[in-house]
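Below, all heavy atoms of this structure are taken into account, side chains as well, without hydrogens, waters or symmetry copies. Order of the sequence lines sets the chain letters (A, B, ...), proteins ahead of strands, with each chain counted from 1.
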There are 2 protein chains.
Amino acid sequence: MKRTSFDLMNCSLARTLEIVGEWWTLLIIREALWGTQRFDDFHRRLGIARNILTARLKRLEDHGVMVRLGGGGYGLTDKGRALFPAVAALMQWGDDWIHAESGPPILLYDKATDLSLQRIDLRTVAGEVLPPSQVGIRAGPGATLRTRRRADSAQG
Amino acid sequence: MKRTSFDLMNCSLARTLEIVGEWWTLLIIREALWGTQRFDDFHRRLGIARNILTARLKRLEDHGVMVRLGGGGYGLTDKGRALFPAVAALMQWGDDWIHAESGPPILLYDKATDLSLQRIDLRTVAGEVLPPSQVGIRAGPGATLRTRRRADSAQG
């Protein structure tokens with residue numbers, strides 16, 4: 001099913017996709033973010049086959065993204081909940097480019113104030129929104145020589 | 001290879017994953033965001049088999065995410081470039097949870113000011129960072145009855 005392991009790639013996106021880059025996996029995490037805990041509820045709400053669900057949950061457990069709860073359900077760890085911004089950014093893209101006519105099926109809000117959330121954009125440390133074309137890449141402290149060369153030759 | 005089409009799901013995340021939720025696809029988009037255009041460069045830099053690369057590029061073209069350039073290469077459309085925040089959010093998660101010890105392989109910066117980018121977080125419209133546990137969901141204008149019921153029963 002899989003062709004190459006991304007484990008050896010010096011790239012945080014590749015390593016992340018190795019864990020969560022499968023259709024169902026991010027939907028399971030979405031359901032868990034929405035509060036689902038019981039196996040049967042994941043099964044029913046996602047329409048996912050039981051054997052696939054079992055395998056995906058096992059993998060998320062192995063990677064410390066989800067944890068088995070006392071009552072027999074599954075919950076997100078801090079590592080799992082930390083995927084919420086990425087889930088929200090992918091949802092927003094679907095809202096913008098796939099559900100543009102009907103409008104978003106789901107809206108996120110702040111439970112404390114009932115206010116909507118800010119759009120997820122690339123911003124400077126000062127908070128200014130940047131268009132994608134204005135964002136450059138450079139090698140970070142974890143870059144291998146190959147990544148460093150790649151970053152130096154990127155975009156120009 | 002695929003089990004269920006997500007096309008009929010009333011969920012912007014599911015519909016997005018239907019297009020980009022495959023290991024290689026988001027890495028191809030990453031490479032394109034970093035400036036790669038030529039088929040051979042995608043092939044070499046990602047280590048992706050030619051037949052898979054061809055199929056993925058075709059799919060991205062069909063969905064208006066990438067476009068064939070005059071010179072024979074491939075470029076991102078506005079729809080494609082709009083995936084940058086989602087790519088950055090997934091990268092950030094990998095930086096935080098997989099490359100925490102070594103540090104990020106790649107850093108993003110503002111080409112105009114050379115400044116680093118802000119972290120991608122969930123924020124209120126006022127710009128305040130929200131922890132994932134404080135974010136609720138509710139039905140939006142594009143919600144079907146089923147989604148509306150799901151949102152009403154979420155989280156509590």
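Highest contact tally toward chain B, considering only A:Arg30, A:Arg81, A:Arg45, is held by A:Arg45 [criterion: heavy-atom pairs under 4.5 Å]. Top candidate by heavy-atom pairs under 4.5 Å with chain B, chosen from A:Ala89, A:Pro131, A:Gly94, A:Ser12, is A:Ser12. Across B:His63, B:Met91, B:Lys79, the residue that shares the most heavy-atom pairs under 4.5 angstrom with chain A is B:Lys79. Top candidate by heavy-atom pairs under 4.5 Å with chain A, chosen from B:Pro104, B:Ala82, B:Ala112, is B:Pro104. Note: A:Asp95 leads A:Thr144, A:Leu115, A:Asp121, A:Asp95 in heavy-atom pairs under 4.5 Å with chain B. Per-residue heavy-atom pair counts under 4.5 Å with chain A were compared for B:Ala126, B:Ser116, B:Ala88, and the maximum is reached by B:Ser116. Most heavy-atom pairs under 4.5 Å with chain B: of the set A:Pro105, A:Gly140, A:Ala49, this distinction falls to A:Pro105.
Using a 4.5 Å cut-off between heavy atoms, B:Val65 touches chain A through its side chain atoms alone. Neither the backbone nor the side chain of B:Asp96 comes within contact range of chain A, judged by heavy atoms closer than 4.5 Å. Only the side chain of B:Leu130 has a heavy atom closer than 4.5 Å to any heavy atom of chain A. At a 4.5 Å heavy-atom cutoff, A:Glu101 makes no contact with chain B through either its backbone or its side chain. Using a 4.5 Å cut-off between heavy atoms, A:Leu108 touches chain B through backbone and side chain atoms alike. Contact of A:Leu76 with chain B is not made at all, since no heavy-atom distance falls under 4.5 Å. When heavy atoms are compared at a cutoff of 4.5 Å, B:Glu31 approaches chain A by way of both its backbone and its side chain.
Between A:Leu33 atom CG and B:Leu13 atom CG the span is 9.5 Å, to the nearest 0.5 Å. For the atom pair A:Gln92 CD and B:Thr16 OG1, the distance stands at 10.0 Å (nearest 0.5 Å). In this structure, CD1 in A:Ile137 is found 10.0 Å from CG in B:Leu107, a value given to the nearest 0.5 Å.
Panel note: side chain B:Trp93, backbone A:Gly80; no donor-acceptor pair is recorded below 3.5 Å.
A pairwise comparison of heavy atoms in B:Gln134 and A:Asp110 identifies NE2-OD1, 2.9 Å as the closest pair. Across all non-hydrogen atoms, the minimal contact from B:Phe84 to A:Leu122 is CG-CD1, 3.5 Å. Nearest heavy atom pair, residue A:Thr124 against residue B:Gln118, reads O-CB, 3.4 Å. B:Gly103 approaches A:Pro141 most closely through the heavy-atom pair CA-CG, 4.1 Å. Closest of all the heavy-atom pairs between A:Lys111 and B:Val135 is CE-O, 3.6 Å.
When side chains are defined from C-beta on, B:Ile98 does not count as touching A:Glu18, because their heavy atoms never get closer than 4.5 Å. For the pair A:Arg138/B:Asp114, a side-chain contact is recorded, criterion being any heavy-atom separation below 4.5 Å from C-beta on. The shortest distance between side-chain heavy atoms of A:Asn10 and B:Ile106 does not fall below 4.5 Å. Counting heavy atoms from C-beta outward, B:Leu83 and A:Pro132 have side chains that stay 4.5 Å or more apart.
The local environment of CZ in B:Arg146 is sparse, with at most 12 non-hydrogen atoms from other residues, nucleotides or ligands closer than 6.0 Å.
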